[in-house]
Undergrad: 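Structure incoming, see below.
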Amino acid sequence: MYPTPYQWALLETYKQYPIPLSPLQFLQIYDGLSYGELAVILGLSVSSVEHFLCDRTSSGYRQCAEKHCRTLAEIHVLWKHSAQLTPERIQAWCQEP
């Protein structure tokens, strides 16, 4: 099966949205979230998260990779629309072909 033009258009839209969120932006939205929980979401160590969130002038500062910021944006969309989603629906969408 070859993707249809519509499917290609969906992919192009998906690649542009949602707009990536920095760890700081994500924590501002979910202000009760700990660095440890953010680390779990990103699949990184707490130390890495601390490096992303320390003062930019600090020698320990590291910029968060865009793929991680994209993950945070996707999680935000998922959580924002959680009232319309169920775990079963997500599983159905993500099942192997």
Undergrad: Look at the side chain of His51 and the backbone N and O of Arg62, then say whether any donor-acceptor pair between them is shorter than 3.5 Å.
TA: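 No, His51 side chain to Arg62 backbone: no donor-acceptor pair under 3.5 Å.
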
Undergrad: For the residue pair Thr4 and Gln7, what are the closest heavy atoms and their distance?
TA: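 Closest heavy-atom pair between Thr4 and Gln7: N-OE1, 2.7 Å.
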
Undergrad: Determine whether Ile90 and Leu78 make a side-chain contact, defined as any pair of heavy atoms from C-beta on separated by less than 4.5 Å.
TA: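 Contact flag for Ile90/Leu78 side chains = yes.
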
Undergrad: Return the NE2 to CD1 distance between His68 and Ile41, rounded to the nearest 0.5 Å.
TA: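 The NE2 atom of His68 sits 13.0 Å away from the CD1 atom of Ile41.
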
Undergrad: Above 12 or not: heavy atoms from other molecules or residues under 6.0 Å from CH2 of Trp8?
TA: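 At most 12 heavy atoms, drawn from other residues, nucleotides or ligands, come within 6.0 Å of this atom.
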
Undergrad: If hydrophobic clusters are built from ILVMFWY residues whose side chains come within less than 4.5 Å, do Leu24 and Tyr30 share one?
TA: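 Yes, same cluster.
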
Undergrad: In Å and rounded to the nearest 0.5 Å, what is the CZ to CH2 distance from Phe26 to Trp79?
TA: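 Answer for the CZ-CH2 pair, Phe26 versus Trp79, is 4.5 Å.
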
Undergrad: Honestly curious: do Ile75 and Val77 fall in one hydrophobic cluster under the side-chain, below-4.5 Å linking rule?
TA: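 In one cluster with Ile75: Val77, no.
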
Undergrad: I need the His76 NE2 to Thr71 OG1 distance, nearest 0.5 Å.
TA: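 The distance works out to 14.5 Å.
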
Undergrad: Should we say atom CD of Gln16 is surrounded by more than 12 heavy atoms from elsewhere, each under 6.0 Å from it?
TA: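 Atom CD in Gln16 is packed in, count exceeds 12.
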
Undergrad: Return yes when atom CG of Leu11 has more than 12 non-hydrogen atoms of other residues, nucleotides or ligands closer than 6.0 Å, and no otherwise.
TA: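 Yes, enclosed.
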
Undergrad: Can you confirm whether Pro20 sits close enough to Cys64 that some side-chain heavy atom of one is under 4.5 Å from a side-chain heavy atom of the other?
TA: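 The answer is no, as the side chains (C-beta and beyond) never meet within the 4.5 Å cut-off.
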
Undergrad: Check whether Tyr14 forms a cation-pi arrangement with Arg70 (NZ or CZ under 6.0 Å from the six-membered ring centre, at most 45° off the ring normal).
TA: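 Here Arg70 passes the 6.0 Å and 45° test against Tyr14.
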
Undergrad: Closest approach of Ile19 and Ala73, non-hydrogen atoms and distance?
TA: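 Scanning both residues completely, I find the closest heavy atoms to be O-CB, 3.2 Å.
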
Undergrad: Flag yes if more than 12 heavy atoms outside Tyr61 fall under 6.0 Å of its OH atom; otherwise flag no.
TA: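 Correct, the count exceeds 12.
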
Undergrad: I'd like to know if the side chain of Thr13 and the backbone of Ala9 have a donor-acceptor N/O pair within less than 3.5 Å.
TA: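 Between the backbone of Ala9 and the side chain of Thr13 there is a qualifying donor-acceptor contact (under 3.5 Å).
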
Undergrad: Between Leu53 and Leu27, is any pair of side-chain heavy atoms under 4.5 Å apart?
TA: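 The answer is yes, as the side chains (C-beta and beyond) meet within the 4.5 Å cut-off.
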
Undergrad: Taking atom CD as the centre, does Gln63 end up with more than 12 heavy-atom neighbours from other residues, nucleotides or ligands that are less than 6.0 angstrom away?
TA: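 At most 12 heavy atoms, drawn from other residues, nucleotides or ligands, come within 6.0 Å of this atom.
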
Undergrad: Count I, L, V, M, F, W, Y as connected when their side-chain heavy atoms are under 4.5 Å apart, and connections chain through other members. Are Val40 and Leu33 then in the same cluster?
TA: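 In one cluster with Val40: Leu33, no.
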
Undergrad: Can Leu72 be reached from Tyr17 by stepping across I, L, V, M, F, W or Y side chains whose heavy atoms are under 4.5 Å apart?
TA: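 Result: no, two separate clusters.
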
Undergrad: Which distance, rounded to the nearest 0.5 Å, do you find between the OG of Ser22 and the CD of Glu66?
TA: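 Ser22 OG to Glu66 CD: 12.0 Å, rounded to 0.5 Å.
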
Undergrad: From Phe52 CZ over to Cys69 SG, what is the distance, rounded to the nearest 0.5 angstrom?
TA: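 These two atoms lie 8.0 Å from each other.
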
